[in-house]
Amino acid sequence: MIKAVTGKILLVNLSDAAWQEEILPEAMYNEFLSGIGLGARLLYERIPAGANALGPDNVLAFLSGILTGTGALFAGRFLVAGKSPLTGGWGDANCGGSLAPAIKQSGFDAIFFSGMAERPVYVHVNDGQVTIQPADDLWGLDTIETEERLIERHGKRARVACIGPAGENLVRFAGIANDRGRMAGRSGLGAVMGSKKLKALVLEGKHKTSVHDLETLKEWSKQTANLMPKGKSAVPAWALAPLGRLMSGMKTSFRMDGLMALGPLQAWGTAVANELSILIGDAPVRNWRGTPAMFPARVVGLRRTIPTQRKKYHCVSCGLGCGSITEYKGRYGETHRPEYETVTAFGSNLLNRNLNAIYDMNEYCNRMGLDSISTGSVVGFVMDCYEQGLLTQEMSGGMAIQWGDSSAIVRLVEMIVQREGIGDLLAEGVMRASLALGSQSERFAFHAGGQELPMHDPRLDPAYGVIYVSDATPGRHTIHNTLEYDMFRLWTRVSWAPEPPQKSPKSDRYLNSEENAMKNAAGSMYKSLLDCAGLCLFGAHMGVDRTGFFELLNAATGLDLSPDEYMEKGRQIQSLRQAFNIKQGIEPAEVCTNPLVTGNPPVQKGPLRGLSYDLHGMRQKFWRAMGWDEKTGHPLTLPMETR
Ligand code: SF4
């Protein structure tokens with residue numbers, strides 16, 4: 001057996017309140033590694049075609065990364081996966097904090113839940129011992145209360161993943177929380193957990209992860225640690241917005257070195273991008289149909305948000321630490337500093353200038369167990385429909401819903417969580433709500449394949465657009481984009497990955513070229529490897545040659561593979577995710593998004609003025625670069641094990 005894995009998984013059938021261990025063959029690890037690879041392999045096989053995502057046949061997996069617990073830096077993210085109730089296809093989401101190593105310490109590489117309990121339960125796994133406990137007293141509690149109760153019961157060493165009322169009420173964009181409201185948000189897997197009446201997973205244990213070559217692991221981790229920023233960010237906070245504005249006006253783009261991003265990220269987290277992204281046209285304004293002139297970006301700028309940081313924190317085995325606890329004047333008083341996505345979804349996207357209300361929504365989503373991206377998007381859709389008269393005051397229960405009205409935003413989200421009034425329809429997500437409201441509302445529905453779009457405008461970077469409609473989990477910003485491709489520096493290790501020039505015309509991004517297709521494919525394959533490893537994207541920004549990513553995989557496992565061979569595994573795992581969707585009845589070529597985000601029609605004002613790209617053609621070239629049929633998006637070959 002390769003090293004760095006336990007060699008076994010736990011299967012819990014909630015219908016029968018039964019569990020069993022399963023020893024996996026070494027060949028499976030050799031072929032799929034762990035994390036998302038193992039998940040794709042097993043869920044493809046074990047979720048039947050046509051399974052109801054909110055029914056007993058769906059299987060929900062908690063997966064640890066192969067580098068987690070090995071001492072490798074940034075390897076502290078776990079992944080949840082299953083059939084998504086939003087898209088009807090492959091769903092996954094990942095999160096940091098301290099849960100990832102606890103999966104392995106409990107004795108397993110992954111834990112799979114099938115069936116449905118009759119009454120609420122939680123599952124406690126401690127060093128291979130499993131108990132299924134009643135959770136009637138926890139049902140209805142928010143995620144932080146649930147975690148506190150379970151830690152009180154099982155001790156401080158216990159690690160908890162749980163759902164809040166949104167998951168219990170089967171809100172299709174509910175997430176799964178750990179570490180006091182941090183969220184594996186996307187794909188609606190919190191609703192899957194809710195459908196199984198599984199309130200929480202509690203993990204304990206002392207299982208140690210053994211590795212093949214500890215010295216090499218230590219050496220690379222030391223080198224990586226030495227690259228961490230020391231002290232204050234070299235870039236002053238005030239300089240970021242003007243810098244962004246300056247670069248936005250240029251016709252040339254410069255290759256980004258991820259080391260430059262570490263200081264700002266450490267100092268301010270993803271909030272670093274809030275103001276900048278509005279100015280350059282990355283952040284949607286007024287449900288994607290506005291321009292930066294409609295929203296004063298300084299409202300969410302660092303000069304307003306930095307003073308509220310109270311305490312910094314980081315995920316387990318992270319050398320950077322991009323998180324912090326933020327104080328504010330509002331319902332909760334403090335919250336995890338909101339991520340860029342949350343601030344944008346509830347800020348510029350809704351023309352909401354009330355920063356305290358944004359912080360309130362951040363904490364509320366964390367506590368209720370909601371994906372803040374989808375939630376803000378649904379509210380944006382409602383505001384547009386209300387303005388256009390497609391949704392009346394009568395339908396909203398007497399509430400006027402105007403752009404920027406923070407009280408209406410708060411009330412709508414509360415109604416979604418409780419499925420109260422119009423909230424019952426909105427809890428189904430933008431795609432289903434739009435179908436119910438009629439075809440005129442389609443113009444205001446911004447989703448891809450059923451999942452609400454994240455807060456990055458593909459008109460600024462068409463690589464986002466290609467991935468939004470091509471990845472097995474459509475509408476995802478963390479799979480690949482041009483900026484991150486630059487930072488990952490794959491060309492330093494992977495023989496076929498194109499090396500971007502130090503500077504190039506911005507118009508190059510819009511070309512339907514083989515080179516762009518290869519970059520999109522390389523980024524997509526690499527992301528699946530990161531999710532096999534449990535590695536944080538922000539750590540990966542340093543570049544594969546600086547983190548020794550491929551060397552770490554060999555040192556941890558004892559495999560002796562080249563970067564090209566690992567990338568081939570990444571391709572196979574992406575093929576399997578794609579095959580999962582096809583098995584579930586999704587035709588990849590039919591997955592589409594709102595034409596507005598392809599520049600059709602082009603906007604007349606602002607930084608995105610006149611920008612458009614050939615989404616259909618670029619997707620075909622991407623599929624070909626992935627080794628898939630360019631017309632249908634069907635993989636031409638699948639890994640041996642699954643044929
Ligand atoms: S960089 Fe941030 S998200 Fe990534 S592991 Fe560190 S603290 Fe967690």
Side-chain angles (χ1 to χ4, degrees), residues 35 63-80 92-104 159 161 175-186 220-221 224-230 233 256-274 305 309-326 335-343 362 366 371-373 454 476-479 483-484 487-488 526-527 529-544 546-549 552:
L63 302 141
S64 66
I66 208 159
L67 290 181
T68 300
T70 64
L73 284 186
F74 293 104
R77 293 189 83 84
F78 71 96
L79 193 97
V80 281
D92 63 43
N94 72 58
C95 191
S98 61
L99 191 92
I103 298 176
K104 272 188 184 170
R159 293 291 172 265
I176 297 172
N178 61 288
D179 291 82
R180 300 184 68 82
R182 296 189 64 176
M183 197 68 55
R186 306 247 63 196
W220 274 109
S221 292
T224 308
N226 284 338
L227 292 170
M228 291 300 122
K230 316 267 181 307
S233 167
M256 176 74 178
D257 187 323
L259 292 184
M260 286 165 58
L262 291 181
L265 192 64
Q266 185 182 57
W268 308 305
T270 54
V272 70
N274 290 344
T305 53
Q309 293 193 149
R310 181 172 68 74
K311 188 178 95 183
K312 299 277 296 163
Y313 66 77
H314 51 80
C315 304
V316 70
S317 67
C318 171
L320 190 67
C322 73
S324 89
I325 297 294
T326 299
T335 182
H336 292 280
R337 181 185 48 221
E339 300 291 344
Y340 160 79
E341 299 289 327
T342 309
V343 172
N362 182 60
N366 291 347
D371 172 22
S372 59
I373 297 175
R476 291 289 288 276
H477 65 290
T478 49
I479 307 293
L483 185 69
E484 284 186 323
M487 297 198 276
F488 292 154
Y526 180 54
K527 176 62 166 84
L529 292 174
L530 292 177
D531 286 344
C532 285
L535 216 79
C536 170
L537 262 181
F538 300 147
H541 285 173
M542 299 167 78
V544 286
R546 278 111 171 218
T547 58
F549 176 68
L552 286 172

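Ligands are counted one by one from 1 in listed order, and the atoms in each one are counted from 1 as well.
- In this structure, atom 4 (Fe) of ligand 1 lies nearest to the protein heavy atom Cys536 SG, 2.3 Å.
- Within the 2.8 Å limit, Cys318 places no N, O or S atom next to atom 4 (Fe) of ligand 1.
- At the top of the distance list for atom 8 (Fe) of ligand 1, counting protein heavy atoms only, stands Cys315 SG, 2.3 Å.
- Put simply, part of Arg77 is less than 4.0 Å from ligand 1, judged by heavy atoms.
- Here the rule is side-chain contact (heavy atoms from CB on, under 4.5 Å) with Met542, and of Leu73, Asp257, Leu227 only Leu227 fits it.
- More than 12 heavy atoms of other residues, nucleotides or ligands shown are found within 6.0 angstrom of NZ on Lys312.
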> Passes side chain to side chain contact (heavy atoms under 4.5 Å, CB included), Glu484 versus Lys527? Steps please.
Replying inline: CA-CA 11 Å; Glu484 284 186 323; Lys527 176 62 166 84; over 6 Å; no
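- No more than 12 heavy-atom neighbours from other residues, nucleotides or ligands sit within 6.0 angstrom of CE on Met260.
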>> Could you go through Leu320 and His314, starting from their C-alpha distance and side-chain angles, then the distance that decides it, and tell me whether this counts as side chain to side chain contact (heavy atoms under 4.5 Å, CB included)?
In response: CA-CA 7 Å; Leu320 190 67; His314 51 80; over 6 Å; no
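- Of all the atoms in ligand 1, the ones that sit under 4.0 Å from a non-hydrogen atom of His314 are 7 (S).
- At least one N/O/S atom of Cys322, whether from backbone or side chain, sits less than 2.8 Å from atom 2 (Fe) of ligand 1.
- Close contacts of ligand 1 with Gly321, meaning ligand atoms under 4.0 Å from a residue heavy atom, involve 6 (Fe), 7 (S).
- Note: Leu537 CG to Asn94 CG = 7.5 Å, rounded to the nearest 0.5 Å.
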